[in-house]
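In what follows, chains carry the letters A, B, and so on, assigned in the order in which the sequence lines appear, proteins first and then strands, with residues in each chain numbered from 1.
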Amino acid sequence: MRAIFAIARKDLRLLLRDKGDVFFTFVFPVVIAILFGFVFGGGSNSGSKLELAVVRESESVLALGIEEDLANDAAFETTAFPTRDAAADAVRAGKVTAAVILPKSLDSGLEGLFSGQGIAIDAVVDPSRRAEAGLIQGKLNELAFRQFPKLFANPTEMSRAFSAARSSIASARGMSPTQKLLGAGMITAAESFTSSIGDEDASANASGGGGGANNAAGNTADFTPIRVKVEELAPRAGRPRASFDVTFPQGIVWGLAGCFGAFASSLVTERARGTLDRLRLAPITAFHLISGKAIACLVAGLLVQTLVFAVAIIFFGSSVAQPAMLVIAAFAASFAFAGLAMALAAFCRTEAEANGAGRGAILILALIGGGTIPLFFMPPFLRTLSYGSPFRWAVAAIEGPFWRDTSVGEQIVPLIVLFAIGFLGWIIGARALWRPFAR
Amino acid sequence: MLALRDIRRRFGSTIAVDGLSLEVRTGEVFGLLGPNGAGKSTTIAIATGLLAPDAGSVDLLGLGSPSNPKVRMHLGLAPQEITLYAELTARENLRFFADLYGVSNARVRVDELLALVELDARANDRVATFSGGMKRRLNLAAALVHDPKLVLLDEPTAGVDPQSRNRILELVRRLAGEGKTVLYTTHYMEEAAKICDRVGIVDHGRMLDVGTVAELVARHGGQSAVTIERDGAEERIFTADPVAEVARQFARANSDRERGEVGREVTGLRIERPDLETVFLSLTGRSLRE
Ligand SMILES: Nc1ncnc2c1ncn2[C@@H]1O[C@H](COP(=O)(O)OP(=O)(O)O)[C@@H](O)[C@H]1O
Ligand SMILES: [Mg+2]
């Protein structure tokens with residue numbers, strides 16, 4: 001047992017002390033996952049525009065105005081949706097980045113503004129698109145403000161607003177009769193003023209008018225004229241919520257590739273430099289050596305996967321559909337790649353071979369196995385080819401419990417394939433490594 | 001301690017070891033002296049059980065072949081190559097091998113060994129940062145973690161500066177002083193002459209002769225050469241007893257002077273005793289140094 005752990009500890013130390021190995025095992029996969037996530041995320045939207053679902057529940061001038069401005073805004077590509085639910089589904093499916101709801105409450109127009117409630121707009125976003133949510137929120141605020149001049153220039157809207165303001169002053173409890181009189185006087189003055197000006201200067205008055213009403217309503221402190229309420233969808237499994245769901249398993253594959261390349265080349269180094277002979281002289285068996293290396297490979301593989309998933313969950317709002325199955329898949333993938341490392345080491349005689357041909361082979365397997373192009377984007381012949389790559393099976397095993405939420409029956413196949421690859425690799429590698437002792 | 005009998009091993013068409021026998025006695029430092037490619041390393045690999053001989057037998061301590069792990073426990077090997085992990089520190093390397101051998105009190109043992117090879121000051125530095133001599137010393141220490149009875153050192157001074165070489169030679173003598181048996185290979189005859197109790201001369205995979213340095217020289221060294229210089233002219237005389245020859249020459253010179261014969265004074269004198277180099281030359285017709 002002590003020998004096994006000594007070997008595992010030694011191999012992990014060697015991995016962590018090689019800057020190149022650390023980079024390709026831990027840093028590169030995360031970078032790849034994020035980079036590809038943005039590439040594919042941007043690619044599915046037209047250009048750099050954010051796709052918005054717009055649900056207009058109000059027929060008011062305000063609602064119509066915001067809808068029109070959203071449609072004309074260069075940053076957005078809008079699609080009208082009939083209901084909130086339909087829009088939320090589109091967000092979940094990743095068809096649009098967010099849904100904007102212009103609620104019924106906008107019917108009250110400026111009255112809401114002057115009565116101190118402000119204007120409420122709802123937005124629904126996917127939790128994995130928090131970065132875009134901030135942008136959308138800011139944009140909605142800006143657009144809503146832009147409606148004010150139009151509204152102030154609109155006589156019917158204005159008279160409705162002023163009468164609403166008058167009645168709110170009249171009913172305000174905290175005001176003395178003098179203040180009420182003053183307030184009413186200000187409103188009348190503002191009314192005659194706004195009706196005498198054109199569109200151009202209206203915006204200058206917007207804040208003045210708003211401010212007056214604001215004071216009149218007597219709750220200066222927490223009044224925000226426009227409230228954009230952003231709601232995050234509860235994650236629903238079964239579909240990639242964002243391109244990151246697809247690219248993080250890819251990142252894991254690169255991490256496993258990096259770590260398996262590192263182990264293969266360290267094994268070849270041990271053999272080429274004669275260190276392995278020292279191990280063979282020690283009172284240990286092939287079983288000890290292989291178990292030690294297996295533990296190191298497994299630990300490294302699990303470390304990579306934990307790291308990549310942690311980044312996905314913490315920074316990209318991913319969530320895991322089936323945590324227990326994911327742990328099993330992570331084990332299977334690590335095991336398979338540990339076996340591959342052993343087999344690769346068996347085929348490479350020299351360190352140069354391991355670092356050249358060996359790593360080249362890994363690269364090709366990763367490429368055809370969905371390491372760069374996600375499987376479902378692949379042309380059919382490439383997809384067929386991908387069955388020959390262990391990377392494809394690792395991606396399949398990980399995606400299932402991660403976001404596909406597939407049934408156990410569907411997940412069993414990639415798991416079996418991974419374990420088979422692992423066993424085969426171990427056997428081939430172990431036989432080549434551990435020449436029997438002289439009789 | 002260790003007995004190899006009629007060992008043969010070939011690699012393809014190369015015959016690396018060709019019917020070699022040797023016996024290392026308990027407590028001695030046995031030197032295997034031969035040029036590069038003589039088959040020393042192959043012999044060592046067979047002696048440790050790492051390599052199977054095509055023919056012949058190996059016995060360690062009367063227990064049988066070291067291919068048996070229980071037998072193998074009694075030997076420690078410092079291979080010709082530096083077989084250490086360059087990215088681990090000196091301490092981590094020794095600790096790793098100690099753990100493999102299940103050494104009890106590994107921490108103490110590792111500290112002892114670091115002190116023995118004078119690397120305690122650099123114990124926590126990576127081997128990659130070490131000089132050739134330091135790597136050699138650590139390579140040797142790693143052979144000792146489990147306190148084996150027989151230590152096999154394959155060219156332990158290859159590629160080190162003279163100062164480090166002397167330190168390693170002292171270390172080997174010290175191991176012998178502590179009761180270890182040492183099998184030592186080298187292609188430097190000075191080393192073999194300096195530290196080995198007995199030396200075996202190998203060439204082309206064959207053991208040409210075995211004995212103490214004095215015995216080998218007596219058997220194969222031939223006569224000493226006495227070179228006498230008179231007025232710039234040199235005369236070389238081969239003799240079994242160079243001191244007597246020198247005395248004879250001086251006596252002659254004295255009597256010449258007494259007889260008034262001048263101009264025949266001895267102006268220089270050199271004695272060349274045969275050494276292992278001469279032995280090798282007479283055994284193979286070639287020089288060890290190439
Ligand atoms: N693994 C091997 N494969 C092929 N030839 C080898 C191998 N090991 C040694 N030889 C050959 O066997 C001969 C003896 O080599 P070796 O035992 O290393 O000599 P030495 O240690 O005395 O320098 C050399 O000709 C060498 O080339
Ligand atoms: Mg050699």
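- Between chain A and the options B:Gly102, B:Gly64, B:Ala86, B:Ser57, the largest number of non-hydrogen pairs under 4.5 Å is found for B:Gly102.
- In terms of non-hydrogen atom pairs under 4.5 Å with chain B, the most contact-rich of A:His288, A:Arg13, A:Arg2, A:Glu270 is A:Arg2.
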Q: With side-chain hydrogen bond (donor to acceptor under 3.5 Å, both in side chains) as the test, would you mind laying out the steps for B:Tyr188 and B:Glu155 before giving the verdict?
A: CA-CA 9 Å; B:Tyr188 297 111; B:Glu155 308 228 11; over 6 Å; no

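- Side-chain contact check for B:Thr185 and B:Asp154: at least one donor-acceptor pair (N or O, by modelled atom type) lies under 3.5 Å.
- For chain A, no part of B:Ala128 is nearby; none of its heavy atoms comes within less than 4.5 Å.
- Heavy atoms closer than 4.5 Å to chain A are found in both the backbone and the side chain of B:Ala142.
- If you check the side chains of B:Arg9 and B:Thr42, you find no donor sitting under 3.5 Å from an acceptor.
- Residue contact with chain A, scored on non-hydrogen atoms closer than 4.5 Å, involves the side chain of B:Glu81 exclusively.
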Q | Check against side-chain contact (heavy atoms from CB on, under 4.5 Å), A:Leu289 and A:Lys293 | A | CA-CA 6 Å; A:Leu289 178 77; A:Lys293 292 208 172 279; 4.2 Å; yes

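- For A:Ile7, the parts lying near chain B are the backbone and the side chain together; criterion is any non-hydrogen pair under 4.5 Å.
- Within 6.0 Å of the CZ atom in A:Phe309, the count of heavy atoms belonging to other residues, nucleotides or ligands exceeds 12.
- A tilted orientation is assigned to the rings of A:Phe419 and A:Phe335, their planes being inclined by 30° to 60°.
- Comparing A:Arg9, A:Arg273, A:Arg278 by how many heavy-atom pairs each has under 4.5 Å with chain B, the most go to A:Arg278.
- The residue among B:Gln80, B:Met73, B:Glu92, B:Glu87 with the most heavy atom pairs within less than 4.5 Å of chain A is B:Glu92.
- Classified by interplanar angle (parallel below 30°, tilted 30° to 60°, perpendicular above 60°), the ring pair A:Phe260/A:Phe391 is tilted.
- When each of B:Val103, B:Val145, B:Val58 is checked for heavy-atom pairs under 4.5 Å with chain A, B:Val103 comes out on top.
- Counting heavy-atom pairs closer than 4.5 Å to chain A, the top-ranked of the candidates B:Asn93, B:Ile82, B:Leu77 is B:Leu77.
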